[in-house]
There are 2 protein chains.
Amino acid sequence: MIRIKDIAQEAQVSEGTVDRVLHNRGGVSKKTEAKVKKILERHNYSINPVASALALKNKHTIAVLIPEHNDTDAFWKSPYLGILKAIEDVKSLGIHVQCFTFNQYQPSSYFESFQVLLESQPTAVIFAPMFLEETKKIVQQLDTVQIPYIFLNIDIEGFNNLAYIGQDSYTSGYIAGKLMHMGLAPKSDILIIQARDYIGDNNAIAKRIQGFHDYFKQHHINAGITPLKIESLNDSNQTKAQLNHILNTMPALAGIFIPSSRTSAVIDCFQESGYENFKIIGFDNTPQNMTYLKQDAVSFLISQKPFEQGYEAIRIMTDFLIKGKTPNEKIYLPIDILIKENVMYNDMNQAMYEGTLTNE
Amino acid sequence: MIRIKDIAQEAQVSEGTVDRVLHNRGGVSKKTEAKVKKILERHNYSINPVASALALKNKHTIAVLIPEHNDTDAFWKSPYLGILKAIEDVKSLGIHVQCFTFNQYQPSSYFESFQVLLESQPTAVIFAPMFLEETKKIVQQLDTVQIPYIFLNIDIEGFNNLAYIGQDSYTSGYIAGKLMHMGLAPKSDILIIQARDYIGDNNAIAKRIQGFHDYFKQHHINAGITPLKIESLNDSNQTKAQLNHILNTMPALAGIFIPSSRTSAVIDCFQESGYENFKIIGFDNTPQNMTYLKQDAVSFLISQKPFEQGYEAIRIMTDFLIKGKTPNEKIYLPIDILIKENVMYNDMNQAMYEGTLTNE
DNA sequence: TATATTTGCGTGGGCGCACACGAAAAATCA
DNA sequence: TGATTTTTCGTGTGCGCCCACGCAAATATA
């Protein structure tokens, strides 16, 4: 492994000079800078991140802003855990991480939490851009003070974000369409259930639905696909009535597609009317969803590796800060197809990490 | 973050003494050792791995022994790439990695490569225990010189390996059974094709077949499942004849299960007789297999995250060597269900890594 | 030419830990 | 008791990089 010292010797300058050109810190004549740079390139030099981290010691702070989670709305727990794990891995690199959360149903909460975050003067930011208008303001603030930022889980276009880390929502919906069609009797009816609760300007759900429809279109499959918007998952009585009504009017109903992580909450509303005869496809590996999967109530869950999303976000930002590696703009995580039999192996990373947590 | 210096000060001893008790290096009186240990625990001290790595610098060498790969037998390329990526990540931690390969069809090659490996005096070993008898000898050598080792991809019992990293083969076969059954007409015949080539004492294939059968048994599905052993994939003429014969005698044949990574090689032999009308399920995401998947020739591939297997093996061994973290005995990676539509996102990690390789 | 200012660059200390060396203290022996 | 061995422990150097300090050379000003 080649060191600054070696470069300096070869260029006949001091280590300090090499260091200056490495960090573009100025104070070097163009001649020597060119000379050093050439040698640097020829040896394909890269700074030893360990030594660098040791010397820097807590110069970087990454701030994270994601929705809060709770037992009934568990999706964001996984990215959070992924972030926690990554923190352990990078803290010895002198990277400090601070987490902030917001209420994903309140744009104001999103914006205000961000203001608090900004006051902590972070070196870089990772966040879930849940609301469009507020995000515009936020991004402007970040751009003016030149803080780099990564979008997590929600992909919106037209900003200077370093990267997006998450899933290709359209294709995941397309795959849901394929899985739904597989083995379904011809001329079956299909219901797409969408709760109004889950809004923000999170366009992922719309993209999934689009992909779902497109699968049937592109394969010229004649299926009666009916979208159903229910008002609120919290007002389950109203929802139950709504569902019962639908079920009565659709005798050929065979498949139900629920393109949100709150799949289990929707199914809960079916308790009385029953759901055993339907093929249900949902999204995300929350504990409740996995329970339904294991009970064969749900046939497939499509997961977006939420734990890895959180973990990778921190790692990628760390690589950017320390090694100066610019990541790909779009970092798509795998589209996991979960069934009863493979779900237990799906999130080993998260499970192992949670295991170490309880041990302490 | 608390440092050795702080501990030393509080215990009224020198840093050297604290260092000695941290590493059980002896030469410390019981009194002071107890005193230091107590303070260590009270502060929940853990060594700063960065500083440690910097100071140690290349004290550890991990040796890896895996089968060689080539264009037609590509499976082991992925673990190899995963290992290469991990090398980049850990080299700055002062961990040196050396790779050795062997011919997976020759037990002697396996054993001899290992002897060369041993001569390099590694601190730890990661290998694929392909042949049982040779492995017994190898493991004995390792045990006597107290070198820790991890089994990669192949799980055999009764040894003191630190861990096994790979897939639950039985369940992956079981899942193949479920996927095969899904949407298949009742009373269809199913063929399981197994090539003799791929042997070693790799029991993974047998376990997959067992799981496959068990799915049908446990669900009381009446299917005519016929095992077919073909002699050699390299002698394709003989194989083709063999296949043609089978196809003629099985008019109700609808599904083909190929429980090895050489799925594509088997399908190649079908060229004349055709395979479009069969539902084919194979294993592993080799380039050739993925090509068939994208062409709809294969309906499902089950993948075992080979890239991650290699990557994790190095990471886990590194954690063990540097931080003293003892891993779980069995580290099962996810059982990935690949279809035409999600395969492109499946191995982003490997793709991203290969991207960085070609850039250089 | 003498003085002031800028620019370019070398030097040294420090980040936290590992480990060799040797000194002081304690224990053993003659 | 004095000499010798053993045990116990403090000190110092280095790992590779970062960065503040300050000197020398180059340039500008009087």
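Below, chain A is the first sequence line, B the second, and so on; all start at residue 1. Nothing here was measured: the structure is a model prediction, and the numbers come from that model.
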Parallel, tilted or perpendicular, judged at 30° and 60°: which one describes the rings of [X] and [Y]?
X: B:Phe307; Y: B:Tyr311; result: parallel
X: A:His69; Y: A:Tyr80; result: tilted
X: A:Phe127; Y: A:Tyr149; result: tilted

Figure out the [atom1]/[atom2] separation between [X] and [N], and round it to whole Å.
X: B:Gln9; N: D:dG10; atom1: CD; atom2: P; result: 13 Å
X: A:Asn24; N: D:dC18; atom1: CG; atom2: C1'; result: 15 Å
X: A:Arg25; N: D:dC18; atom1: CZ; atom2: P; result: 8 Å
X: A:Asp19; N: D:dA20; atom1: CG; atom2: C1'; result: 12 Å
X: A:Leu22; N: C:dC9; atom1: CG; atom2: P; result: 15 Å

Please round to the nearest 0.5 Å and tell me the distance separating atom CD1 of B:Ile165 and atom CG of B:Leu152.
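Rounded to the nearest 0.5 Å, the CD1-CG separation comes out at 6.5 Å.
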Take atom NZ in A:Lys38; do more than 12 heavy atoms of anything else shown fall under 6.0 Å from it?
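12 or below, so no.
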Salt bridge B:Lys85-B:Glu308, side-chain N to carboxylate O under 4.0 Å:
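Here B:Lys85 does not pair with B:Glu308 in a salt bridge, since their nearest N and O are not under 4.0 Å apart.
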Would you sort out whether A:Thr17 and A:Val28 count as a side chain to side chain contact (heavy atoms under 4.5 Å, CB included), showing the intermediate values?
CA-CA 7 Å; A:Thr17 303; A:Val28 184; 4.1 Å; yes
When you measure from the side-chain N and O atoms of A:His23 to the phosphate of D:dC19, is any distance below 4.0 Å, counting only OP1 and OP2?
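No, no such contact exists.
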Can you tabulate the close N/O pairs, meaning under 3.5 Å, that link protein atoms to atoms of nucleotides 7-9 of chain D?
{"from": "D:dC9", "atom 1": "OP1", "to": "B:Ser29", "atom 2": "OG", "distance (Å)": "3.3"}
{"from": "D:dC9", "atom 1": "OP1", "to": "B:Thr32", "atom 2": "OG1", "distance (Å)": "3.3"}
{"from": "D:dC9", "atom 1": "OP2", "to": "B:Ser29", "atom 2": "N", "distance (Å)": "2.8"}
{"from": "D:dC9", "atom 1": "OP2", "to": "B:Thr32", "atom 2": "OG1", "distance (Å)": "3.0"}

Do A:Phe100 and A:Phe114 make a side-chain contact, defined as non-hydrogen atoms from C-beta onward lying under 4.5 Å apart?
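Side-chain contact under 4.5 Å: no.
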Under 3.5 Å, which N/O atoms of the protein pair with N/O atoms of nucleotides 13-16 of chain C?
{"from": "C:dC15", "atom 1": "O2", "to": "A:Ala55", "atom 2": "N", "distance (Å)": "3.4"}
{"from": "C:dG16", "atom 1": "OP1", "to": "A:Lys57", "atom 2": "NZ", "distance (Å)": "3.2"}
{"from": "C:dG16", "atom 1": "OP2", "to": "B:Arg3", "atom 2": "NH1", "distance (Å)": "3.1"}
{"from": "C:dG16", "atom 1": "N2", "to": "B:Ala51", "atom 2": "O", "distance (Å)": "3.3"}

